[in-house]
**Student:** 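Have a look at the structure that comes next, please.
From a predicted model like this one, the values you see are computed outputs, not experimental measurements. Read the numbers this way: they start at 1 and go in the same order the structure lists the ligands and their atoms.
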Amino acid sequence: MKVLTIANLKGGVGKTITTINTSYILTTDCGKRVLLVDNDQQGNCSQFFGVYGYDKPSMTDVMKRRVTAEEVILHTEYEGLDIIPANLSLAEAEKAVLMDSVTPQQVRLREVLRQVKDDYDYVLIDNAPSLGMCVINSLATSDYLIIPAKVDKFTFDGIDCLLDQMNTVKEYFNPQLQVLGTLITSYRRNDTNQQGAEWLKQAEKYKAFDTFIRWTDKVDESTFTAEPIMVHSPRCGAAKDYKAFVAELLKMVEG
Ligand SMILES: Nc1ncnc2c1ncn2[C@@H]1O[C@H](COP(=O)(O)OP(=O)(O)O)[C@@H](O)[C@H]1O
Ligand SMILES: [Mg+2]
């Protein structure tokens, strides 16, 4: 089981879209067993897969150490793709974790994922744009970090901060953690994007993926219809790019 953190300190850079579509392609096209962890109080992935709510266990209960994996994992409509949902109560849970100094705070998600290590090929964890305890839990249980990024100055600044955090988590909790790469999303063919992407590519520490995800208005539409982009608009640029991205990812992780 390979665990991937999808994170960036910046919001609106395509973390959720990347998590959803990568999970879907890994499951449907590649025959992998995938668990998506919605580790964001906004619950966007949970909404997308129709499992948002307060009546079932969620990441809140994982962080409070009061559920087993079996109790918190839900099936989606896609065979082979399961999810741990989240809702707004995760914000309060994150604070509660910080108040609890008796049990370790950083490895609560890891404790739950360990119980299903033989049941999934990939775990993809979608994160909030923060450096809170939820994101630290995600990094502490992951093999790889994927950083979706839009080309602008603020995004680039956030990446350095996230890399620092990753190195701290690596040092104290998870020596095997490494950056898999930075994924440029919402790419448009204009001077800013081209120059920004070039700059990112030449800076080795960011490990830019060869694949860029092109901007297309179909992606916004697909969030309304709650369909993976490959289902909503299989011929659009972003659908093709996400497929190329998954191929690139698999080559890196599986050789
Ligand atoms: N390739 C793309 N083309 C066009 N719009 C995109 C693309 N990727 C993401 N978006 C849009 O950008 C917004 C933010 O994406 P989202 O994945 O929710 O970001 P994050 O999870 O980082 O906050 C959403 O409205 C989404 O539909
Ligand atoms: Mg999101």
**Student:** For Asn137 and Leu109, indicate whether the former's side chain and the latter's backbone hold a donor-acceptor pair under 3.5 Å.
**Tutor:**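 A pair under 3.5 Å: yes.
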
**Student:** Check each atom of ligand 1 against the heavy atoms of Gly14 and keep those under 4.0 Å away; list them by number with element.
**Tutor:**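 Numbered from 1, ligand 1 contributes 15 (O), 16 (P), 17 (O), 19 (O), 20 (P), 22 (O).
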
**Student:** Of all the atoms in ligand 1, which lie at a distance below 4.0 Å from a heavy atom belonging to Ile213?
**Tutor:**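 With Ile213 as reference, the close atoms of ligand 1 come out as 1 (N).
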
**Student:** Are Val37 and Leu249 in one and the same hydrophobic cluster, where Ile, Leu, Val, Met, Phe, Trp and Tyr link if side-chain heavy atoms are under 4.5 Å apart?
**Tutor:**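 In one cluster with Val37: Leu249, no.
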
**Student:** Taking atom types as modelled, find out whether Tyr242 and Thr18 have a side-chain donor-acceptor pair closer than 3.5 angstrom.
**Tutor:**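 Note: Tyr242 and Thr18 side chains meet the donor-acceptor criterion.
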
**Student:** Could you check whether atom 9 (C) of ligand 1 has a protein contact, counting only heavy atoms that fall below 4.0 angstrom?
**Tutor:**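 So far as the 4.0 Å threshold goes, atom 9 (C) of ligand 1 is in reach of a protein heavy atom.
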
**Student:** Please check if the side chain of Ser233 supplies one atom and the backbone of Ile229 the other of a donor-acceptor pair under 3.5 Å.
**Tutor:**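 Such a contact is absent between Ser233 side chain and Ile229 backbone.
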
**Student:** Among protein heavy atoms, which sits nearest to atom 7 (C) of ligand 1, and what does the distance come to when rounded to 0.1 Å?
**Tutor:**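 Protein heavy atom with the smallest distance to atom 7 (C) of ligand 1: Ser186 OG, 3.3 Å.
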
**Student:** Taking distance alone, with no angle check, do Asn44 and ligand 1 share an N/O pair under 3.5 Å?
**Tutor:**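 No, Asn44 has no N/O under 3.5 Å of an N/O on ligand 1.
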
**Student:** Mind listing the side-chain donor-acceptor pairs of residues 159-166 below 3.5 Å, one per line with the distance, residues two or more places apart or on another chain?
**Tutor:**
from   : atom 1 : to     : atom 2 : distance (Å)
Asp160 : OD1    : Lys205 : NZ     : 3.1
Asp160 : OD1    : Tyr206 : OH     : 2.8
Asp160 : OD2    : Tyr206 : OH     : 3.3

**Student:** Is there a donor-acceptor contact under 3.5 Å from the side chain of Asn44 to the main chain of Thr16?
**Tutor:**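 Checking the backbone N and O of Thr16 against the side chain of Asn44, no donor-acceptor pair under 3.5 Å is found.
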
**Student:** Can you list every pair that meets side-chain hydrogen bond (donor to acceptor under 3.5 Å, both in side chains) and has a residue in residues 178-189, with sequence neighbours left out?
**Tutor:**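 The answer is none; no pair qualifies.
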
**Student:** Which residue owns the protein heavy atom closest to atom 14 (C) of ligand 1, what's the atom, and how far is it?
**Tutor:**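 That would be Gly12 CA, 3.7 Å.
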
**Student:** Using heavy atoms and a 4.0 Å limit, tell me yes or no: is Thr185 in contact with ligand 1?
**Tutor:**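 Flag not set, Thr185 not near ligand 1.
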
**Student:** I'd like to check which ligand 1 atoms, numbered from 1 as shown, lie under 4.0 Å from a non-hydrogen atom of Val13.
**Tutor:**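 Under 4.0 Å from Val13, ligand 1 has these atoms: 19 (O), 20 (P), 22 (O).
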
**Student:** So that I can tick it off, tell me whether Lys32 and Glu254 are bridged by a salt bridge, with the cut-off set at under 4.0 angstrom between side-chain N and carboxylate O.
**Tutor:**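 Salt bridge between Glu254 and Lys32, a charged N being under 4.0 Å from a carboxylate O: yes.
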
**Student:** Between Ile229, Ile184, Asp220, Thr18, which one has a non-hydrogen atom sitting closest to atom 11 (C) of ligand 1?
**Tutor:**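 Among Ile229, Ile184, Asp220, Thr18, the closest heavy atom to atom 11 (C) of ligand 1 comes from Asp220.
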
**Student:** Examine Asp217 against ligand 1 and note whether any of their N/O atoms are separated by less than 3.5 Å.
**Tutor:**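 No: no nitrogen or oxygen of Asp217 is under 3.5 Å from one in ligand 1.
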
**Student:** Can you name the side chain to side chain contact (heavy atoms under 4.5 Å, CB included) partners of Glu71, sequence neighbours left out?
**Tutor:**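 Per chain and number, Glu71 pairs via side chain to side chain contact (heavy atoms under 4.5 Å, CB included) with Val67, Thr68.
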
**Student:** Is it the case that the side chain of Thr76 and the backbone of Leu81 share a donor-acceptor pair, with hydrogens and angles ignored and the cut-off at 3.5 Å?
**Tutor:**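 Yes, the answer is positive, given that a donor and an acceptor are paired below the 3.5 Å cut-off.
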
**Student:** Ligand 1 and Ala238, any nitrogen or oxygen pair closer than 3.5 angstrom?
**Tutor:**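 No, since none of the N or O atoms of Ala238 sits under 3.5 Å from an N or O of ligand 1.
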
**Student:** Closer than 2.8 Å to the Mg ion (ligand 2), which protein N, O or S atoms?
**Tutor:**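 Atoms qualifying: Thr16 OG1.
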
**Student:** Checking a contact table here: which protein heavy atom is nearest atom 17 (O) of ligand 1, and how many Å away?
**Tutor:**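 The protein heavy atom lying closest is Ile17 N, 2.9 Å.
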
**Student:** When you compare ligand 1 with Thr216, is there at least one nitrogen or oxygen pair between them that comes in under 3.5 angstrom?
**Tutor:**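 Checking ligand 1 against Thr216, an N or O pair does fall under 3.5 Å apart.
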
**Student:** At under 4.0 Å between heavy atoms, is it the side chain or the backbone of Thr16 that contacts ligand 1, or both, or neither?
**Tutor:**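 Answer for Thr16: both.
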
**Student:** Give me the residue, atom name and distance of the protein heavy atom closest to atom 1 (N) of ligand 1.
**Tutor:**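 It is Arg214 O, 3.0 Å.
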
**Student:** Would you say Gln202 has more than 12 foreign heavy atoms packed within less than 6.0 Å of its CD?
**Tutor:**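 Correct, the count exceeds 12.
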
**Student:** Do Val151 and Phe212 belong to the same hydrophobic cluster, where Ile, Leu, Val, Met, Phe, Trp and Tyr are linked whenever their side-chain heavy atoms lie under 4.5 Å apart, directly or via other members?
**Tutor:**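 Both belong to a single hydrophobic cluster.
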
**Student:** Quick one: do Asp61 and Arg66 make a salt bridge, cutoff under 4.0 Å?
**Tutor:**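 Yes, this pair counts.
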
